[in-house]
Amino acid sequence: MLQPDPLHAFWHTPIGVHRLAQADAVNEVLVRVFQTLRATDATAKTAHPFYASRDDLLQRIRLPEWEQLVRFIVDSVRQTVVLANQGAWHEAKPGFQIAMRGIWFQISSQGSHHDVHTHGNCSWSGVYCLQVDPPEQRSQHPVLGAANGVTRFYGPHFNRLGGAAMDFGNAYLQNAHLDVPPVPGQLVVFPSWLAHQALPYHGSADRVIVSFNVSVHAAGGSDELHSYAHV
């Protein structure tokens with residue numbers, strides 16, 4: 001039962017932001033590895049400004065730096081998932097398993113971008129930045145400006161803007177997206193249903209990121225939280 005209150009806020013969108021402490025050393029090695037994988041990919045168009053690997057990197061790369069990044073990703077997802085589900089789980093700290101459903105890298109330059117999309121067959125996704133121009137240089141692009149290479153997230157209110165009346169009373173609807181600048185060593189964990197896109201990027205250094213999808217499952221084998229009601 002709702003208690004009297006001038007404002008109840010429901011249906012928030014959980015997003016986790018994490019930083020890898022040893023990012024410089026890890027990123028330097030992995031950028032070289034990714035560039036090599038791209039150069040040796042027979043299906044890749046070498047002159048194309050955008051490249052995305054297959055999502056099977058977990059099985060293809062065997063390096064200490066890669067294993068360190070994967071551990072960091074899993075630990076970060078675990079933290080965000082626990083905080084996002086406080087009050088929804090029956091137990092405060094239940095056992096659960098995180099299954100990596102796919103992990104891949106992307107390299108972009110020369111104004112390339114990734115259009116608006118969501119991720120299916122998973123509950124959480126994330127993007128980790130390895131390389132991009134320094135913030136001052138990136139944001140001073142004469143055309144793209146501060147939006148150069150950012151990841152833009154479109155909140156649940158975004159779909160309401162097309163047919164909604166716009167007036168002073170629903171100003172809260174009108175800030176419907178969030179731009180997250182790329183920062184080497186930064187990981188952003190977000191719900192897979194959240195629409196997002198990589199805006200066009202142009203810089204002296206390639207924009208190199210790792211993206212992934214995970215699903216989360218109860219340790220007991222059943223993910224069911226609520227039984228079906230009996231009629």
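Because only heavy atoms are used, hydrogens play no part in the values below, and waters and symmetry mates are left out as well, while side chains stay in. Everything quoted here is computed from the prediction, not taken from an experiment. One-based numbering along the sequence shown.
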* To do: Return yes when atom CZ of Phe168 has more than 12 non-hydrogen atoms of other residues, nucleotides or ligands closer than 6.0 Å, and no otherwise.
  => no
* Asked: So does Asn121 have more than 12 non-hydrogen atoms from other groups sitting under 6.0 Å from CG?
  -> no
Only counting residues at least two apart or in another chain, list the ones meeting side chain to side chain contact (heavy atoms under 4.5 Å, CB included) with [X].
| X | answer |
| --- | --- |
| Trp89 | Val81, Val82, Asn85, Pro94, Phe96, Leu225 |
| Gln174 | Met166, Asn170 |
| Ser211 | Trp104, Gln106, Val127, Ile209 |
| Gln97 | none |

I'd like to check the side-chain hydrogen bond (donor to acceptor under 3.5 Å, both in side chains) partners of [X]; sequence neighbours left out, ordered by chain and number.
| X | result |
| --- | --- |
| His196 | His117, His119 |
| Arg138 | none |
| His113 | none |

Listing request: all salt bridge (Lys or Arg N to Asp or Glu O under 4.0 Å) pairs with a residue in [range], at least two apart in sequence or in separate chains.
| range | result |
| --- | --- |
| residues 139-156 | Arg152-Asp179 |
| residues 163-176 | none |
| residues 8-21 | none |

* Centroid-centroid under 6.0 Å between Tyr51 and Phe105 rings -> yes
If you group Ile, Leu, Val, Met, Phe, Trp and Tyr by side-chain heavy-atom gaps below 4.5 Å, do [X] and [Y] land in one group?
| X | Y | value |
| --- | --- | --- |
| Val33 | Val26 | yes |
| Phe190 | Leu69 | no |
| Tyr128 | Val70 | yes |

* Asked: According to the interplanar angle, ranging from 0 to 90°, do the rings of Phe158 and Tyr154 count as parallel (below 30°), tilted (30 to 60°) or perpendicular (above 60°)?
  -> tilted
* Hey, what's the ring geometry for Phe72 with His18, parallel, tilted or perpendicular (30° and 60° as the breaks)? -> perpendicular
* Asked: Does any non-hydrogen side-chain atom of Val132 lie less than 4.5 Å from one of Asp206?
  -> no
Ignoring hydrogens and geometry beyond distance, is a side-chain donor-acceptor pair present between [X] and [Y] at under 3.5 Å?
| X | Y | value |
| --- | --- | --- |
| Thr151 | Gln197 | no |
| Ser112 | His202 | no |
| Ser204 | Asp133 | yes |
| Ser139 | His141 | no |

* Asked: Between Arg207 (side chain) and Gly203 (backbone), is there a donor-acceptor pair under 3.5 Å?
  -> no
* Are any side-chain N or O atoms of Ser192 and backbone N or O atoms of Cys122, one a donor and one an acceptor, separated by less than 3.5 Å? -> yes
* Identify, with sequence neighbours excluded, every residue that meets salt bridge (Lys or Arg N to Asp or Glu O under 4.0 Å) alongside Glu65. => none
* Please identify each residue that fulfils salt bridge (Lys or Arg N to Asp or Glu O under 4.0 Å) with Arg60, with sequence neighbours left out. => Asp56
* Start with the C-alpha gap between Val214 and Arg101, add the side-chain angles, then the distance that decides, and say whether side-chain contact (heavy atoms from CB on, under 4.5 Å) holds. => CA-CA 5 Å; Val214 302; Arg101 297 302 178 189; 5.7 Å; no
